[in-house]
Amino acid sequence: KSGGCLGWLLAIVILALVVGAIVYAVKQKIDHANDNKPSPVPGPPGAIDKKYADALKIAMQFFDIQKSGKLVNNKISWRGDSGLKDGNEANLDLSKGMYDAGDHMKFGFPMAFTATVLSWAILEYGDQMAAVNQLEPAQQSLKWITDFLINAHPKDNVLYIQVGDPDLDHKCWERPENMKEKRPLTQVNITVPGTEVAAETAAAMASASLVFKTSNSAYSSTLLKHAKQLFNFADKYPASYSENIPEVATYYNSTGYGDELLWAASWLYHATGDRSYLDYATGENGKQFASWGSPTWFSWDNKNAGTQVLLSRLSLFGAKGVSGNSGLRNYRSSAEGVMCGLLPKSPSATSSRTDGGLVWISEWNALQHPVASAFLAALYSDYMLTSQTAKITCGDHSFKPSDLRKFAKSQADYVLGKNPLKMSFLVGYGDKYPQYVHHRGASIPADATTGCTDGFKWLDSTEPNPNVAVGGLVGGPFLNETYIDSRNNSMQAEPTTYNSALIVGLISSLVTTSSAVKSFT
């Protein structure tokens, strides 16, 4: 009797195991099928995420703080007209543009990068900006820069790339409205060429021409004309601007010009549809300069990762006439290599992160790389969703668009206060943010009268800044996640205009969800 019971019990156990195995196998099969099934394509902009909407409105204001020239509809109470005579020595009006950071220099190389990134953000996420009334401010800020760039290019092969003497400028601490020092001009030309800055300016103008194509077609055509001329200049006279003009290397030294040529050619292809620009980027120049298969960090100095993502949209969206282009395949696989390096659970994930999860590459301006990387991740995620691409493969792991978006949000959230310091690095956002930002205009009372050197008392003051540099993205934390809130700590406490373009792009992608535009034209 007991033997019979044991037999039945054993049979039941075996049957349960068999049923469990079948259920598990079916579930695995369903999960696998779901892994290969694309996520739904988002529709028009959906529900607004208030956190990111508020952050975007704040981030956009830093462009107004950085404006030079005769201000129109000035929204910043402590800012006024400045730099009105910039360009006079060459009979040019270079009064517009934006100051680079906490100083009063106009550096053409990073300023052009600011315009390119801001254009890209508008082209990709203009509908999401519009949903929170930020599209028009973005376009106005972009035009403030491109007006300057047009005037800085008076002849086909002449480009003014700098206003001010950085050594002299950095010996002063004063409000821009009170500047009286000489503001010398620096140019590149046939005798002293500078490929990086000419090509980056071409990229800025080509991308901006797409932004204004519908709303201001004449202005768009002007930008495109300048972009083509500057690209030809950059390509015909290849030379590093920081080698030909060594004094610029102290501040914005270039590590090579090949990436800017590919970046500019890619934007010109999008702006014109001229196949010669695509052939330029995907042919021999791509083999020489694109770093295919070797992921790099997107920044003002290195555009390769940005170009890889930008050109991926052509193959992902099945652009006309590009099938079979092996160069495009290399760009897309390289872009996926960049993504694999960012995803924390990827076998090839970078180990260069803080304990709190922030990608951390550089001690100076530490937030540039994680914010730029997160912007690219958000873009690629949206490209995948819209093109119904279910996953990317990183070694023996696969990842969905939602994984890339999760990474992008993690970096944005860190910046906005989800970090061990519980502090926002975006000035003016949240309850706790830097009070001693390294920024002259913010540090000096608007009614103070200072000369070049007597304003240093405001740099050394122990009081918080009297004016808030709203929207400035400071340099960020050290690897050990500490931050020294000191006006003399330019390594961590100085905001830059190009950082603002990157954080605006990233936050715009998170304000809400919508499908990616399949073509910029």
> Can you find a side-chain donor-acceptor pair between Asp413 and Tyr52 that sits under 3.5 Å?
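Yes, because at least one side-chain N or O of Asp413 sits under 3.5 Å from a partner of the opposite role on Tyr52.
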> Mind listing the closest non-hydrogen atom pair of Ser490 and Trp364 along with its distance?
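Nearest pair, atom of Ser490 first, then Trp364: OG-CH2, 3.6 Å.
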> I'd like to know whether Asn499 forms a side chain to side chain contact (heavy atoms under 4.5 Å, CB included) with Val371, so could you lay out the CA-CA distance, the side-chain angles of the two residues, the decisive distance to 0.1 Å, and finally the verdict.
CA-CA 8 Å; Asn499 269 9; Val371 172; over 6 Å; no
> Is the side chain of Gln411 donor-acceptor paired with the backbone N or O of Pro370 at a distance under 3.5 Å, no angle test?
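No.
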> Report yes if some heavy atom in the side chain of Ser119 is under 4.5 Å from a heavy atom in the side chain of Leu210; otherwise report no.
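No, side chains not in contact.
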> Hey, could you give me the CG/CG distance between Asn285 and Asp235, rounded to the nearest 0.5 Å?
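Answer for the CG-CG pair, Asn285 versus Asp235, is 7.0 Å.
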> Between Glu260 and Thr195, do the side chains contain an N or O donor and an N or O acceptor separated by less than 3.5 Å?
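Side-chain D/A pair, Glu260 to Thr195: absent.
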> Nearest 0.5 Å please: distance from the CG atom of Leu56 over to the CD atom of Gln61.
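These two atoms lie 10.5 Å from each other.
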> Do Tyr252 and Trp300 have ring centres separated by under 6.0 Å?
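Aromatic pair counts; centres sit under 6.0 Å.
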> Is there a donor in the side chain of Asn304 and an acceptor in the side chain of Thr296, or the other way round, less than 3.5 Å apart?
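On atom types as modelled, these side chains do not qualify, holding no pair under 3.5 Å.
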> Would you tell me whether Ser299 and Asp301 have side-chain atoms, one donor and one acceptor, within less than 3.5 Å of each other?
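On atom types as modelled, these side chains do not qualify, holding no pair under 3.5 Å.
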> Report the distance from atom OG of Ser326 to atom CG of Leu328, rounding to the nearest 0.5 Å.
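Interatomic distance, Ser326 OG to Leu328 CG, rounded to 0.5 Å: 8.5 Å.
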> Do Tyr269 and Leu314 have side chains that get closer than 4.5 Å, going by heavy atoms?
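They are in side-chain contact.
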> Hey, are Glu89 and Lys182 close enough for a salt bridge, meaning a charged N less than 4.0 Å from a carboxylate O?
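Result for this pair is no, no salt bridge flagged.
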> I'd like to know if the side chain of Tyr99 pairs up with that of Ser68 as donor and acceptor (distance under 3.5 Å, no hydrogens or angles considered).
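Yes, because at least one side-chain N or O of Tyr99 sits under 3.5 Å from a partner of the opposite role on Ser68.
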> Counting only heavy atoms not in Gln388, do more than 12 sit closer than 6.0 Å to its CD atom?
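Atom CD in Gln388 is crowded, with more than 12 foreign heavy atoms closer than 6.0 Å.
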> Just checking, any donor-acceptor pair under 3.5 angstrom between side chains of Ser509 and Glu124?
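Looking only at side-chain atoms, Glu124 and Ser509 do not form any donor-acceptor pair under 3.5 Å.
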> Is Lys143 close enough and on-axis enough to Tyr219, meaning under 6.0 Å and within 45°, for cation-pi?
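Because its charged atom sits under 6.0 Å from the ring centre and within 45° of the axis, Lys143 does stack over Tyr219.
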> Restricting to side chain to side chain donor-acceptor pair (under 3.5 Å), what partner residues turn up for His153, sequence neighbours left out?
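Side chain to side chain donor-acceptor pair (under 3.5 Å) list for His153, sorted by chain: His226.
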> I want to know whether Phe375 and Phe298 have ring centres closer than 6.0 Å.
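Between Phe298 and Phe375, which both carry aromatic rings, the centre distance is not below 6.0 Å.
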> Please say whether more than 12 non-hydrogen atoms of neighbouring residues, nucleotides or ligands are located less than 6.0 Å from NZ in Lys406.
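Open: at most 12 neighbouring heavy atoms sit under 6.0 Å from NZ of Lys406.
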> So for atom NZ, which belongs to Lys409, do other residues, nucleotides or ligands contribute more than 12 heavy atoms lying within a distance under 6.0 Å?
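Not buried by this count: 12 neighbours or fewer within 6.0 Å.
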> List in chain and number order the residues that pass side chain to side chain donor-acceptor pair (under 3.5 Å) with Ser402, two or more places apart in sequence or in another chain; answer none if no residue qualifies.
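For Ser402 there are no side chain to side chain donor-acceptor pair (under 3.5 Å) partners, ignoring immediate neighbours.
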> Taking the six-membered ring for Trp and the full ring for Phe, Tyr or His, determine whether the centres of Tyr280 and Phe231 are under 6.0 Å apart.
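Yes.
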> For a 4.5 angstrom cut-off between non-hydrogen side-chain atoms, does Gln140 reach Asp64?
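Gln140 vs Asp64: side chains apart.
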> Can His439 and Gln66 be counted as having a side-chain donor-acceptor contact under 3.5 angstrom?
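There is such a pair (donor and acceptor under 3.5 Å, judged by atom type) between the side chains of His439 and Gln66.
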> In plain terms, say whether Arg440 and Asp169 are close enough for a salt bridge, that is, a side-chain N and a carboxylate O under 4.0 Å apart.
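Salt bridge: yes.
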> How are the rings of Trp267 and Trp263 set to each other: parallel, tilted or perpendicular (split at 30° and 60°)?
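The arrangement is perpendicular - the two ring planes meet at more than 60°.
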> Could you please spell out the steps behind the side chain to side chain contact (heavy atoms under 4.5 Å, CB included) verdict for Thr496 and Gln368?
CA-CA 9 Å; Thr496 60; Gln368 178 188 195; over 6 Å; no
